[in-house]
Amino acid sequence: MSDTTAPEPFAALRRALSDASPPVRRLMLIGVIALSILVPGAALFAPKAAGATNHTIAIKNFAFTPDVLTLAPGDTVTFVNQETDGTVHAIRGDFTSPDLPPGASFMVTVATAGSYNYYCSFHPYMTGIINAGTAPPSPSPSRSPSVSPSPSGSPGTSPSPSVTPTTPPPGSAPCDNPALGADQGDGTRLAAYNLVGTVKVFKLCMSQTDWEVSPGVVKQAYTFNGIVPGPTIKVNEGDQVRVIVQNDLPEHTAVHWHGMQLPNAQDGVPDITQPHIMPGNTYTYEWTAKSTGTHWYHSHMGGGQVGRGLYGALLVTPTLGDIAADKHYTIEIGDGSNGFTFNGKSYPATVPLTASVNQKVHVRLIGTGPEMIHPMHLHGVPFQVVAQDGNKLASPYTVDTLNVGVGQTYDIVFQPKEPGKWLLHCHIFSHSEGPNGMIGLVTIINVTP
């Protein structure tokens, strides 16, 4: 083939190789080979096909517009930062961009059919989906839990289940009929269990579920038993625990029992203490509850799975010395692709906590992450930090703001002194406030006289 019929870059390369001396030609060929190795993403950013379409996604007012885009394989998408206040964004997930100051753009050509999820690394509640030649997957009706995970109604209302099983069906696989226990009044639910001899047997189904984070905002979440966060496993010190986990996700995973003292083989780290739980497979964990206090469980296959909802509280009640209070609540703080969430919801969909003046309120704070530290601030009254990572503090201390890191748990107590609606929120402003008011990591303590 002559140079006049070859694509221009290849014709130029051929002429350069022809004109070069043998030593130089060898160096040029080595450079071309090295460049091909250093650009493994060439298939994603493929040359634009004939007839392909250009699409634009505006980044403005801390949102991607549109946040769901359907296109054909080979189409090009240009992200443009249109903020006017100097805010910098950066895209992560299935696409990775450099930092994008106002006016900057980032372009990708999506060559392969599939569903691509992305978010802003600085503001993870900003999320989007690009569907290339495919519609977003929806959960199978047979995988829905016995209780609706996203009840309709006004923000803060509790679910209204048509059926509330207290135990999973004996002998059934976890995903046959995922069961949930009692509503805890804070946006979490207990995990149901069967007692087999002296062993408490829990069943967890890991599946993809459409999850309403806030009114009209639906995410493709990863869930335990159809809800975010997963059901709270609550046992007593010394209980024998068996957890049967079925993976109904499109990818492999495992479950780690964060903070538990247990046999190494039960720790839940794939390729280290166990094989991966492959899609469609079931794995059983068994251990004795020794580590008292506030802990949690989560996927151990990348922060992306945790950020999509694979986490839940794990509470071990001590035989002696439990935290005494009139009200007990749990808040699991999330900042992944589901957005900034308390117990799987963003304000105004977070569930208000209730108390009366001078009641003692105990709140368990769990930093599920997967990426950020959150300074939690309570309005109206300071609180006392009485335990960290499940361990009661010999010298509790009093503050009104507490940094909660990824993986950390804290137990705080306080006594409201004045009636009203008092905020409990993250004090990083972009995590809890927007141009139109409170968003994200915010809930309300409704205090009555």
Side-chain angles (χ1 to χ4, degrees), residues 1 3-14 31-138 208 210 216-220 250-251 302-304 307-308 336-339 371:
M1 181 181 291
D3 287 345
T4 57
T5 60
E8 180 57 31
F10 295 102
L13 177 60
R14 182 179 296 176
V32 170
I33 294 170
L35 181 61
S36 68
I37 293 172
L38 291 172
V39 189
L44 179 62
F45 306 101
K48 193 169 184 290
T53 303
N54 289 310
H55 304 267
T56 299
I57 295 178
I59 310 174
K60 188 175 182 180
N61 294 331
F62 295 92
F64 295 106
T65 305
D67 61 347
V68 178
L69 176 65
T70 300
L71 46 73
D75 283 2
T76 295
V77 180
T78 301
F79 296 84
V80 182
N81 186 349
Q82 299 179 1
E83 302 285 13
T84 59
D85 61 356
T87 300
V88 177
H89 297 289
I91 298 168
R92 295 294 185 270
D94 290 327
F95 309 114
T96 301
S97 77
D99 289 354
L100 301 174
S105 62
F106 170 66
M107 183 173 68
V108 295
T109 298
V110 184
T112 306
S115 185
Y116 299 89
N117 292 268
Y118 63 90
Y119 62 96
C120 174
S121 63
F122 296 120
H123 315 97
Y125 57 87
M126 297 171 54
T127 63
I129 300 170
I130 293 176
N131 296 307
T134 182
S138 59
Q208 183 167 275
D210 285 345
V217 178
V218 177
K219 304 288 186 178
Q220 294 177 40
E251 55 189 274
R308 294 182 71 174
S337 62
N338 286 346
E371 300 293 342

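- For T56, the side chain to side chain contact (heavy atoms under 4.5 Å, CB included) partners two or more places apart in sequence, or in a different chain, are V80.
- The CZ atom of F79 sits 4.0 Å away from atom CD1 of I91, with the distance rounded to the nearest 0.5 Å.
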Does the side-chain contact (heavy atoms from CB on, under 4.5 Å) test come out yes or no for F95 and V77, once each step is laid out?
CA-CA 11 Å; F95 309 114; V77 180; over 6 Å; no
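- Taken from NE2 in H89 to CD in Q82, the straight-line distance is 10.5 Å, to the nearest 0.5 Å.
- Using a distance-only test at 3.5 Å, with no hydrogens or angles considered, a donor-acceptor pair links the side chain of R308 to the main chain of Q220.
- A donor-acceptor distance shorter than 3.5 angstrom exists from the side chain of E83 to the backbone of F62, with no hydrogens or angles considered.
- Counting only distance, with no hydrogens or angles, the side chain of N81 and the backbone of A104 share no donor-acceptor pair below 3.5 Å.
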Passes side-chain contact (heavy atoms from CB on, under 4.5 Å), I57 versus I130? Steps please.
CA-CA 10 Å; I57 295 178; I130 293 176; 4.2 Å; yes
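- To the nearest 0.5 Å, atoms CD1 (I59) and CZ (F64) are separated by 5.0 Å.
- Closest non-hydrogen pair, T96 versus F106, comes out as O-CZ, 3.3 Å.
- Applying the side-chain hydrogen bond (donor to acceptor under 3.5 Å, both in side chains) criterion to T87, with sequence neighbours excluded, gives D85.
- Side chain of D94 to main chain of N117: a donor-acceptor pair is present (N/O by atom type, distance under 3.5 Å, no hydrogens or angles).
- L69 contributes atom CG, which lies 7.0 Å from atom OH of Y118 (distance to the nearest 0.5 angstrom).
- Considering all non-hydrogen atoms of both residues, D99 and V88 come closest at CB-CG1, 3.8 Å.
- With rounding to the nearest 0.5 Å, the separation of CG in D75 from NE2 in H55 is 3.5 Å.
- With sequence neighbours left out, the side chain to side chain contact (heavy atoms under 4.5 Å, CB included) criterion links A63 to no other residue.
- The minimum heavy-atom distance between P73 and A111, with the atom names listed, is CB-O, 3.6 Å.
- Listed here is the closest heavy atom pair of I129 and S115: CG2-OG, 3.6 Å.
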